[in-house]
Amino acid sequence: MAHPLPSAALHPVPAPLRHPPNVTHLISTATALPHLKQIQAQILRNSHHHHNHHLFQLLLYSLPFPSYALSLLSFIPADIPPPCQLPNKILKHLSRSDNPHKALVFFQAMQNKFFPIDRFSFPPLLKAASRALSLSEGKMIHGLAAKLGFETDPFVQTALMGMYAACGLISEARTVFDKMPQRDVVTWNIMIDGYCRSRLFDDVLVLLEEMKSSDIKPDARVFTTILAACSRVGNLDIGRLVQEYISESNVVVDYQLQTALLNMYINFGAMDKAQSFYDELKPKNVVASTAMITGYSKIGNLEAAQLIFDEMVDKDLVCWSAMISCYANSDEPREALEIFGEMQQLGVKPDQVTMLSVISACARLGALDKAEQIHLYVDEKGFGTALPINNALIDMYAKCGSLDRATEVYGRVHRKNVISWTSMINAFATHGDVDNALTHFRQMRVENVEPNWITFVGVLYACSHAGLVEEGEKLFESMVKHYVIAPRLEHYGCMVDLYGRAGRLRDALEIVESMPMAPSIVIWGSLMAACRIHGESELGEFAAKRLLEIDPDHDGALVFLSNIYAKERKWENVGAVRNAMKHKGVSKERGCSMIEMNGDMHTFLTADKSHRRTDEIYAKLGEVVGKLREVGYAPNTNCVLVDLSEDEKKEAILWHSEKLALCYGLISREKQSTIRIIKNLRICEDCHDFMKMASKVLDTEIIIRDRTRFHQCRDGVCSCKDYW
DNA sequence: CTAGGGTTAG
């Protein structure tokens with residue numbers, strides 16, 4: 001019967017066994033899965049009366065390998081039930097693990113074998129149910145506890161409260177709370193936390209008053225709980241009240257309560273108050289500093305965020321990630337990637353959250369080579385299977401101008417969620433592939449994935465850019481009626497655009513007048529642009545004036561107005577607009593184009609002469625302009641500010657940053673590879689014509705990402721069909 | 001043989 005196992009040579013066991021070996025000791029030294037399996041084989045081989053006991057001990061030490069632990073259960077015969085302590089220990093362990101549901105599975109298996117349970121089994125079980133947010137199982141366990149007469153056990157009661165509070169059944173939690181004969185500070189806190197989660201702040205206050213008049217006094221943790229909830233929800237009043245309570249009572253304000261207070265200021269956007277509080281904080285800690293960084297990040301104060309970060313002594317992964325996302329979200333992708341590089345050099349290992357920020361930074365940067373490099377890295381480090389990562393990759397490739405690679409990643413995602421679908425639909429929409437955008441939208445509904453408001457922005461955008469008025473109207477209606485999604489500014493913007501481009505200006509105006517919120521710059525801007533295309537001076541003038549009320553320096557509106565006045569020979573008005581333009585300062589955002597070459601991003605401003613190959617670039621520009629003129633190119637100065645002479649205008653337009661970037665690409669690229677340019681503003685009409693003609697004359701593909709979409713120019717035609 | 005509550009990145 002006792003034949004040696006193949007692996008016995010590695011872990012020699014004395015045989016023959018006159019005395020049972022000290023299995024207990026053997027088990028307690030096992031750390032690896034193969035070792036445990038070997039011991040299991042040995043236990044099963046040497047059947048004796050300690051059999052079950054040993055298997056349970058083995059089970060206990062197998063808990064780091066939950067699937068194996070569960071499989072062990074099938075080797076345990078039901079005839080000699082183990083004492084309760086062992087299974088209870090296992091329940092406790094599993095209930096705290098990453099997958100608390102395993103505790104419930106284990107419990108089910110225990111019941112099938114008729115293992116005994118006692119009152120000590122219930123707190124871990126209820127903990128598992130509350131962590132798994134499994135109300136139905138929680139209720140079942142409650143029923144069982146009642147049946148076995150454990151409902152009056154204070155430990156079971158506390159766990160029941162916690163379970164109901166976590167699952168949102170606050171009234172059930174309260175019923176248990178009221179029944180409890182004795183309550184301590186923790187019991188009160190669980191109840192208060194429950195009310196906080198259900199956002200019932202009035203009840204929180206009532207309970208806090210009750211607590212103060214009881215013999216239990218609130219402690220720092222109770223206050224932390226409430227403050228954290230207030231800042232999450234943005235409830236300033238309650239936050240103030242709690243602050244008063246804290247100064248009245250003599251609780252010791254520990255660092256976690258300090259952090260909660262700090263966090264409250266931050267969440268209310270009171271960064272000056274937060275800063276003075278933070279200055280007083282001694283010693284500082286990572287959590288508080290990280291909160292400060294995100295606070296400054298949210299109000300766009302990058303310098304202040306960087307300062308906090310620089311002064312931190314112990315930087316952990318979380319604060320590095322915060323700093324990276326701070327730059328990524330403030331549209332400073334290069335800095336974000338640089339920080340990521342520094343972090344790696346210091347040997348700090350990124351996690352999924354870090355990578356999401358890094359991928360999003362790369363998407364904003366628009367550098368395709370860099371994108372592929374990051375994709376490789378993500379796969380190499382094992383993040384490549386996570387859904388959020390793949391969704392971010394789809395978006396990244398789309399924003400870097402590679403619809404193909406976006407589609408490729410998308411095709412490999414098995415369980416697509418709304419974000420996967422929406423990212424892909426948006427990718428098609430911004431690349432001008434309306435058919436695919438709409439097909440995927442339909443397919444998404446076939447597969448029972450519910451679209452959200454962002455999905456609708458994507459499809460409506462696609463419709464407006466393809467002139468599909470009826471389709472767009474239908475989608476808008478179904479969004480409101482069928483999906484019960486309240487239209488946002490973005491949706492109204494698409495509708496104004498949809499009607500405006502199609503020349504249905506009265507419908508466009510009707511949308512503007514009927515929308516429940518104040519029209520933004522974008523709304524007036526698209527109405528104005530539609531009027532320009534369709535020659536509707538009167539409505540256009542109206543829109544431009546509204547636009548200037550919001551933004552008195554708006555280039556487009558000033559140019560548009562002066563052009564209308566000039567056409568109508570209203571010279572005094574032209575003069576007024578010109579004056580307005582003279583007073584206008586430097587425009588808030590200068591035109592800027594980037595192109596990636598051998599892994600580096602090269603940036604060009606309008607009329608930029610700072611590049612080291614400036615001479616060659618301008619020579620190339622002259623050459624290209626010459627070739628284009630031969631096929632009929634003439635500079636189109638419609639979009640230039642009027643206070644320049646006609647010659648100056650022509651020159652200014654030839655020196656637009658995207659033309660410089662194009663020429664740099666032409667002189668430095670290898671072979672006939674595609675030229676990809678990223679521009680911060682909308683591309684102007686002249687540059688658009690220029691790129692189209694250049695793609696034909698120079699026989700090269702040119703892809704430009706402007707502020708809102710892609711222009712893929714090939715053989716003299718652009719993917720936007722001149723509709724942007 | 002007991003346990004249960006709070007803060008940070010997306």
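Remember, predicted model here, so these are calculated numbers, not experimental data. By convention in this document, chain letters (A, B, ...) are assigned in the order of the sequence lines, proteins followed by strands, and residues within each chain are numbered from 1. Below, all heavy atoms of this structure are taken into account, side chains as well, without hydrogens, waters or symmetry copies.
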Report summary line: Of the listed B:dG5, B:dT2, B:dT7, the closest approach to the A:Asp219 side chain comes from B:dG5
Query raised in the report: Which listed nucleotide (B:dA9, B:dG5, B:dA3) is nearest to the side chain of A:Ala322?
Result: B:dA9
Query - Residue A:Ser357, side-chain heavy atoms: nucleotide from B:dG4, B:dT7, B:dG10 that is nearest - result: B:dG10
Query raised in the report: Which part of the nucleic acid, if any, lies within contact of A:Asp316, taking any heavy atom under 4.0 Å across all strands shown: a base, the sugar-phosphate backbone alone, or nothing?
Result: nothing
**Report entry** Separation of atom CZ in A:Phe155 from atom C1' in B:dA3, rounded to whole Å
**Finding:** 6 Å
Query raised in the report: Between atom CD1 in A:Ile226 and atom P in B:dT7, what is the gap in whole Å?
Result: 12 Å
**Report entry** Shortest side-chain distance from A:Ala291, nucleotide among B:dA9, B:dT8, B:dG4
**Finding:** B:dT8
Requested in this report: Remember a base hit wins even if backbone is also touched, and classify A:Ala228 as base, sugar-phosphate or nothing at under 4.0 Å, heavy atoms.
Outcome: sugar-phosphate
Query raised in the report: A:Thr187 near the nucleic acid: base, sugar-phosphate alone, or nothing, with a heavy-atom cut-off under 4.0 Å?
Result: base
**Report entry** Straight-line distance of A:Leu160 CG to A:Met180 CE, nearest 0.5 Å
**Finding:** 9.5 Å
**Report entry** Proximity to the side chain of A:Ser321 - top-ranked nucleotide from B:dT2, B:dA9, B:dG4
**Finding:** B:dA9
Query raised in the report: Which whole-number value in Å describes the distance from A:Ile293 CD1 to B:dT8 P?
Result: 14 Å
Report task. Measure the distance from CZ on A:Arg221 to C1' on B:dG6 and round it to the nearest whole Å. Result -> 6 Å
Requested in this report: May I ask you to say what A:Ile324 touches in the nucleic acid, namely base, sugar-phosphate or nothing, with a heavy-atom cut-off under 4.0 Å?
Outcome: nothing
Query raised in the report: A:Asp118 side chain: which of B:dC1, B:dA3, B:dA9 is closest?
Result: B:dC1
Query raised in the report: Atom NZ of A:Lys284 and atom P of B:dT7: how far apart are they, to the nearest Å?
Result: 22 Å
Query raised in the report: With distance as the sole criterion, do the side chain of A:Thr224 and the base of B:dG5 form a donor-acceptor contact below 3.5 Å?
Result: no
Query - A:Arg232 side-chain N/O to B:dT7 phosphate OP1/OP2 under 4.0 Å - result: yes
Indicate every side-chain donor-acceptor pair of residues 301-310 of chain A with a distance under 3.5 Å to a residue at least two apart or in another chain.
unit_1, atom_1, unit_2, atom_2, d
A:Asn301, OD1, A:Ala304, N, 3.1
A:Gln306, OE1, A:Tyr327, OH, 2.6
A:Gln306, NE2, A:Asp310, OD1, 2.9

Report task. Mind checking A:Val286 for me? I need base, sugar-phosphate or nothing, with any heavy atom below 4.0 Å counting as a touch. Result -> nothing
Query raised in the report: How is A:Asp351 classified with respect to the nucleic acid when contacts are heavy atoms under 4.0 Å: base, sugar-phosphate, or nothing?
Result: base
Query raised in the report: Can you tell me if the side-chain N/O atoms of A:Thr259 get under 4.0 Å from OP1 or OP2 in B:dT8?
Result: no
Query raised in the report: Any donor-acceptor pair under 3.5 Å between the side chain of A:Asp193 and the base of B:dG6?
Result: no
Query raised in the report: Any cation-pi pair here, A:Arg183 with A:Phe177, using under 6.0 Å and within 45°?
Result: yes
Query raised in the report: If you check every side-chain atom of A:Asn263, which of B:dT8, B:dG6, B:dG10 has the closest atom?
Result: B:dT8
Query raised in the report: Out of B:dG6, B:dG10, B:dG5, which has the shortest distance to the side chain of A:Ser325?
Result: B:dG10
Query raised in the report: Rounded to the nearest Å, what distance is computed from the CG atom of residue A:Leu160 to the P atom of nucleotide B:dT2?
Result: 20 Å
Report task. Examine the base of B:dG6 for any acceptor or donor lying under 3.5 Å from a partner atom in the side chain of A:Thr225, and report the outcome as yes or no. Result -> no
Query raised in the report: In whole angstroms, how far is the P atom of B:dG5 from the CG atom of A:Asn189?
Result: 9 Å
Report task. Flag the pair A:Glu209 / A:Tyr245 as yes when at least one side-chain heavy-atom distance between them is below 4.5 Å, and no otherwise. Result -> yes
Query raised in the report: If you measure from the Lys or Arg side-chain nitrogens to the Asp or Glu carboxylate oxygens, is any gap between A:Glu372 and A:Arg405 under 4.0 Å?
Result: yes
Query raised in the report: What do you reckon, is CG of A:Asp98 surrounded by more than 12 foreign heavy atoms closer than 6.0 Å?
Result: no
Report summary line: Of B:dT8, B:dT7, B:dT2, the nucleotide closest to the side chain of A:Pro123 is B:dT2
**Report entry** Atom pair distance, as rounded to whole Å: CZ in A:Phe223 and P in B:dG6
**Finding:** 16 Å
Report task. Can you establish whether the number of heavy atoms outside A:Gln345 located under 6.0 Å from its atom CD is more than 12? Result -> no
Query raised in the report: Is A:Lys127 touching bases, backbone alone, or none of the nucleic acid, heavy atoms closer than 4.0 Å?
Result: sugar-phosphate
Query raised in the report: Ignoring hydrogens and angles, are the base of B:dG10 and the side chain of A:Asn329 linked by a donor-acceptor pair under 3.5 Å?
Result: no
Report task. Determine: side-chain N/O of A:Asn88 to OP1/OP2 of B:dC1, distance under 4.0 Å, yes or no. Result -> no
